[in-house]
Structure formats: C-alpha cells, structure tokens
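First comes the structure, then the notes that go with it.
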Amino acid sequence: EIAHAHYEEHKEKPFFKDLVSFITSGPTVQMVWEGLDAVAQVRKMNGATNCGQAEVGSIRGDFGLNMSNNIIHASDSVETAGREISLYFDEAELLNYTMPDEHWLQDS
C-alpha cells in the first residue's frame, strides 16, 4: 500500500507494476535529511536516474545496474519530500535538533 502511494504519479504508466514489485522485493531504508539545498545535494550524490549516465562516484554511477531496478530514490523537491516523508514517518518520529556547528553551515 505504501509503495502504491509513494509512486502514485506513475500508476497509469506501463512500468508501475514492475516498479512496485521491485521496491517491495526486499527491505528498504528511509531517511530524512535536511540542510542547505538538501534536495539538490542528495540528488547529486545519488547520480542521474539512468545509471548508465550517472557520474562515477555517485551511488547510481558506482552501484546501479539498470534503470528499471533503481538502487536509490530521492525526492525531487521539498514538496515531494514532505509527501513522501509522511508516508513513512509519523511526526513524533522526526527529530529536530541544533548542530553545534550549524552557524558555520549558513551563508552570512
């Protein structure tokens, strides 16, 4: 049910059934990351969706084998992240804290 909700925007596409089957074929790990330009930074770390075009050193570039069985997912916007986070976590499961060096990470 969660996988169907997660990939709802693809439900009319021919690969939807295979996508849900793949994502539910084994355990997954969900994380919530935040920080300066977090969405773009995480997507860069993941590499291009097509692992054949992903840069060496990115997760998909180093470990991806094909586009159908995508090794990693990252939200494409803050809005999408909000929707996806709510599928996997209750508000009480999300922790807010101040990093001791947070002032160094902000632009002045």
Side-chain angles (χ1 to χ4, degrees):
E1 292 174 9
I2 293 173
H4 279 96
H6 185 106
Y7 289 111
E8 182 178 348
E9 70 272 14
H10 299 301
K11 68 182 175 185
E12 300 300 324
K13 297 179 181 168
F15 58 83
F16 178 73
K17 183 178 175 183
D18 291 336
L19 180 60
V20 170
S21 178
F22 172 69
I23 201 68
T24 59
S25 67
T28 62
V29 176
Q30 282 70 39
M31 291 183 247
V32 178
W33 293 10
E34 63 182 357
L36 187 62
D37 206 20
V39 171
Q41 295 299 321
V42 171
R43 292 182 66 79
K44 183 176 181 178
M45 181 178 64
N46 285 356
T49 303
N50 181 339
C51 60
Q53 298 173 352
E55 292 184 33
V56 172
S58 68
I59 294 170
R60 290 181 180 130
D62 289 356
F63 302 106
L65 298 175
N66 64 58
M67 201 163 129
S68 297
N69 297 335
N70 204 329
I71 193 168
I72 193 164
H73 169 80
S75 304
D76 61 3
S77 69
V78 172
E79 294 76 24
T80 301
R83 183 184 70 78
E84 293 174 350
I85 290 166
S86 71
L87 291 172
Y88 297 98
F89 298 96
D90 292 325
E91 190 67 34
E93 295 175 300
L94 301 173
L95 305 174
N96 289 309
Y97 59 92
T98 301
M99 302 271 297
D101 59 354
E102 187 170 323
H103 62 284
W104 292 336
L105 303 175
Q106 303 300 316
D107 287 335
S108 299

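Judged by distance alone, with hydrogens and angles left aside, the side-chain atoms of Arg60 form a donor-acceptor pair with the main-chain N or O of Ile72 at under 3.5 Å. Between the Asp90 side chain and the Ala92 main chain, no donor and acceptor come within less than 3.5 Å of each other.
From Cys51, atom SG reaches atom CG of Asp62 across 11.0 Å, with rounding to the nearest 0.5 Å. To the nearest 0.5 Å, the span separating CG on Leu94 from CZ on Phe89 amounts to 6.5 Å. Interatomic distance, CD1 of Ile2 versus CD1 of Ile23, reported as 11.5 Å (0.5 Å rounding). Of the inter-residue distances, the one linking Arg43 atom CZ with Thr49 atom OG1 reads 5.5 Å to the nearest 0.5 angstrom.
Taking both residues in full, the closest heavy atoms of Ala54 and Ala48 are given as CB-N, 3.6 Å, listed atom of the first, atom of the second, then distance. The shortest heavy-atom contact between Leu36 and Gln41 is O-CG, 4.0 Å. Between Phe16 and Tyr7, the shortest heavy-atom contact is CE1-O, 3.4 Å.
The aromatic rings of His73 and His6 sit perpendicular, their planes meeting at an angle over 60°, well past the 30° parallel limit.
Atom CD of Gln30 is surrounded by more than 12 heavy atoms from other residues, nucleotides or ligands within 6.0 Å. Summarising the local packing, CZ of Phe63 is surrounded by 12 or fewer heavy atoms from other residues, nucleotides or ligands at distances under 6.0 Å. Within a 6.0 Å radius of CD in Glu9, more than 12 heavy atoms belonging to other residues, nucleotides or ligands are found. More than 12 heavy atoms of other residues, nucleotides or ligands shown are found within 6.0 angstrom of CD on Glu93. Atom NE2 of His4 has 12 or fewer heavy atoms from other residues, nucleotides or ligands within 6.0 Å. Surrounding CG of Leu87 are more than 12 heavy atoms belonging to other residues, nucleotides or ligands, all under 6.0 Å away.
The same ILVMFWY cluster, assembled from side-chain heavy atoms under 4.5 Å apart, contains both Tyr88 and Val32.
Trp33 places a side-chain heavy atom less than 4.5 Å from the side chain of Met45.
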side-chain contact (heavy atoms from CB on, under 4.5 Å) between Phe22 and Asp18, intermediate numbers included: CA-CA 6 Å; Phe22 172 69; Asp18 291 336; over 6 Å; no

